[in-house]
2 protein chains.
Amino acid sequence: MELSERKKQILRAVVENYIQTADPVGSKAIVASSGLKVSSATIRNEMAELENMGLLEQPHTSAGRIPSPKGYRLYVNELMEEHRLSMQEARKINDALNLKIREMDQVMTEAGKIISQLTKYPTFALTKGTKQAVITRYDLLMVEDNAFIAVLMTDTQAVKNKYFRLPSPVSQTQLQLLGTLLNTSFTGLTLAQLQPELARVSSHAAGEAYGPINLVVSFAMEVLEELESNVVHTAGIPTLLAHPEYQSLEKAEPLMNYLSEMGGETANLPVVQGENVRIVIGPENVADELKDSSVIMASYDIGGGMQGVIGVVGPTRMDYADLAARLSYFAEGLSRMFGKGEIPPPGGDGGDEEP
Amino acid sequence: MELSERKKQILRAVVENYIQTADPVGSKAIVASSGLKVSSATIRNEMAELENMGLLEQPHTSAGRIPSPKGYRLYVNELMEEHRLSMQEARKINDALNLKIREMDQVMTEAGKIISQLTKYPTFALTKGTKQAVITRYDLLMVEDNAFIAVLMTDTQAVKNKYFRLPSPVSQTQLQLLGTLLNTSFTGLTLAQLQPELARVSSHAAGEAYGPINLVVSFAMEVLEELESNVVHTAGIPTLLAHPEYQSLEKAEPLMNYLSEMGGETANLPVVQGENVRIVIGPENVADELKDSSVIMASYDIGGGMQGVIGVVGPTRMDYADLAARLSYFAEGLSRMFGKGEIPPPGGDGGDEEP
DNA sequence: TTTAGCACTCAATCTCCCTGAGTGCTAAAC
DNA sequence: GTTTAGCACTCAGGGAGATTGAGTGCTAAA
């Protein structure tokens, strides 16, 4: 099913026209915009054939044509030109990346907000562990004689802490002993391995030490659980309403609810690794709520076996080229940022390293 | 301007009818629902007077009456009955409070989500410091010879950490020295006081030590800044669309955008301390976007001079009694939770304290 | 002071009609 | 065989009445 050059030009013209105007594209408009030296009648004949092939469709008999999902797919795969970001776009994104960020979680949330502001579409962001995380180190800091702070480090470079208050006082030496025990017996273990190990050790351990151990190991398990669970952050959901395809509430509400409830849940999105940018068009989506919408997402490396995914959701009539370019640029920026292990210099405010 | 008993009954009937049906309330409906032994004509006369007083209004001549903001205000102040939560409502909230939570920030976010699910209204949540926080303690944990973790504690019991990588190796003793310096010179200072102190110390300190000090103190400043900034978390924004007053996009969109953009920004809401539940009706709101909506919020104590506020936003026709009851119950639960300093027992899974 | 009765008002809804953009088809031209 | 001009046809969108019905205000009697 190879398309003639002219059919390709017409398809491209329909897609690009429709992306801009959101109105069905008529034969005359094609003549005007495509630069083809034929009459509108010829275009009509060609469009009729494109419709038979399932690449275009008509909302009703006397309207122009709009691209079908299949048409979008062909456009994205073969016809779309690589988009370049303008300098100022790129600068905007660079500026956005130079924010004060500390925790992975915050990065996700912030990144989503920025992308949403930039694109005027709702975004979602999530992290995906490619392997199971383990705790590499425990530090216990005495606060008062019945309170301490546990600081945990994982092999993914995450550091988490928690404040513990105990029912009875503990001495500094007891705490040190506890720390040694934790570091020897409870490091390098996955979430699933921690529970049985806790049971094993508790049978040996002195009765007194067991309480605090249980507390800290439970905390360790929570931390690992959190790292492994793909919590989804969403942002900018109301931006949907600015787009004509979501002007009617019946269309907008289910999708908005879907996005809103997606937040916090484990991701159910078909995130494929390896690819940089991935475009899922209309009915290609698994979720019913997304059947009339498209999703564009980019993944980036966080290091330590973690991968981040950030994407935008919008009508099938999105500017795929533009969005794909922005997302992949942003994702590259994030990869770079995490790759360096440190945040790029904030620019101003004195040097960090020289006296 | 004292109202007759009958007028009060009529006003109450209008408000409560309208809260349920969202339709203007006619004189016959009042006769049916209020139990008053008079005819609809009498009610009409009374309602005309209530309208003159500014307590009721008519969307158009031939419609029933709806409460004016002033009418709602009177209802809330004088006529509203204290609402009791049903046992299962209370249990739901209690269950919701028994979640795994670690960081204040997470508590806010989670609490918002829960309330939104419970009430079907959008929620916002924020914390408010009643005084300026200070760092009480620094701990530096060596990771590798050119990397360490700084753990900071504040007087509000918050513990924050950050992983630092250095351009050149540091010895354990250097790190200890650094820790001592930090703990002696940079504790007990407010955000504003840290900057000049950093300048003062840096002139004395050995050149080598300055780099890491600068890093850690900058981090401390970020932490304090974050604690003092009232970041607002929002949840459940799309639930707005389920309510008849936001069926038209022109009404819904500005409010949704307002709420969405409020997230992350410093709060601009008139949060008054001391009161438990606060109700702001329609035009009483300062923000233009809220002039047609009402806000119900409850505050709770977090301890350490921090106060949390959680609220819902909805049409002026909200069930004030019901929502106020739920919010205040929830807020009490949170206060209790923070007051204990520990999370209530998760129920199951073995005891924490006994061997 | 209350009630019954009646004329009046007005949002909401429906129907009908018109308009215009755009199509498909046919027959002629290239 | 391909392209073009011409024409009849279709149909969403929008505006102009017409209809409905809930609810009111007012008046006169109880």
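Basis for what follows: all heavy atoms, side chains included, without hydrogens, waters or symmetry-related copies. Chain letters run A, B, ... following the sequence lines, proteins first and then strands; every chain starts at 1.
Following rounding to the nearest Å, A/Asp23 (CG) and D/dG13 (P) show an atom-to-atom distance of 10 Å. In this entry the distance linking CD of A/Glu46 with P of D/dT2 reads 10 Å, nearest Å.
Against DNA chain C, the stretch residues 240-250 of chain B makes no heavy-atom approach under 4.0 Å.
Sorted by first and then second residue, the salt bridge (Lys or Arg N to Asp or Glu O under 4.0 Å) pairs involving residues 314-326 of chain A (not counting sequence neighbours) are A/Glu89-A/Arg326, A/Glu245-A/Arg317, A/Asp322-A/Arg326. Applying the salt bridge (Lys or Arg N to Asp or Glu O under 4.0 Å) rule to pairs touching residues 12-25 of chain A yields A/Arg12-A/Glu16, sequence neighbours excluded. Sorted by first and then second residue, the ring-ring contact (aromatic ring centres under 6.0 Å, His included) pairs involving residues 45-74 of chain A (not counting sequence neighbours) are A/Tyr72-A/Tyr320. For residues 47-56 of chain B, the pairs satisfying side-chain hydrogen bond (donor to acceptor under 3.5 Å, both in side chains) are B/Lys7-B/Glu49, B/Glu51-B/Arg65, with sequence neighbours left out.
A search for side-chain contact (heavy atoms from CB on, under 4.5 Å) contacts involving B/Thr61 returns nothing, not counting sequence neighbours. Not counting sequence neighbours, B/Arg84 has no partner by the side-chain contact (heavy atoms from CB on, under 4.5 Å) test. Taking the ring pair (Phe, Tyr, Trp, His ring centres under 6.0 Å) definition, one finds that A/Tyr121 meets it with A/His243, sequence neighbours left out. Take B/Ala324 and apply the side-chain contact (heavy atoms from CB on, under 4.5 Å) test, not counting sequence neighbours, and it matches B/Val277. A/Arg91 meets the side-chain contact (heavy atoms from CB on, under 4.5 Å) test with A/Asp95; sequence neighbours excluded.
Position along DNA chain C of the nearest nucleotide to B/Val38 versus B/His60 favours B/Val38 as the more 5'-ward residue.
The environment of CD in A/Gln20 is sparse: at most 12 heavy-atom neighbours from other residues, nucleotides or ligands sit within 6.0 Å.
Taking a pair as Watson-Crick or G-U wobble with both distances under 3.5 Å, the runs of three or more consecutive pairs in DNA chain D are C:1-30 with D:1-30.
For the OP1/OP2 pair of D/dT2 and a distance below 4.0 Å, the side-chain nitrogens and oxygens of A/Arg6 include no atom meeting the criterion. When the side-chain nitrogen and oxygen atoms of A/Ser39 are compared with OP1 and OP2 of D/dT3, none of them lie within a distance under 4.0 Å.
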Short N/O separations, protein against nucleotides 22-25 of chain C, under 3.5 angstrom:
residue	atom	partner	partner atom	Å
C/dG22	O4'	A/Ser62	O	3.4
C/dT23	OP1	A/Ser27	N	3.4
C/dT23	OP2	A/Ser27	N	3.3
C/dT23	OP2	A/Ser27	OG	2.7
C/dG24	OP1	A/Arg65	NH2	2.9
C/dG24	N7	A/Arg44	NE	3.3
C/dG24	O6	A/Arg44	NH2	3.4

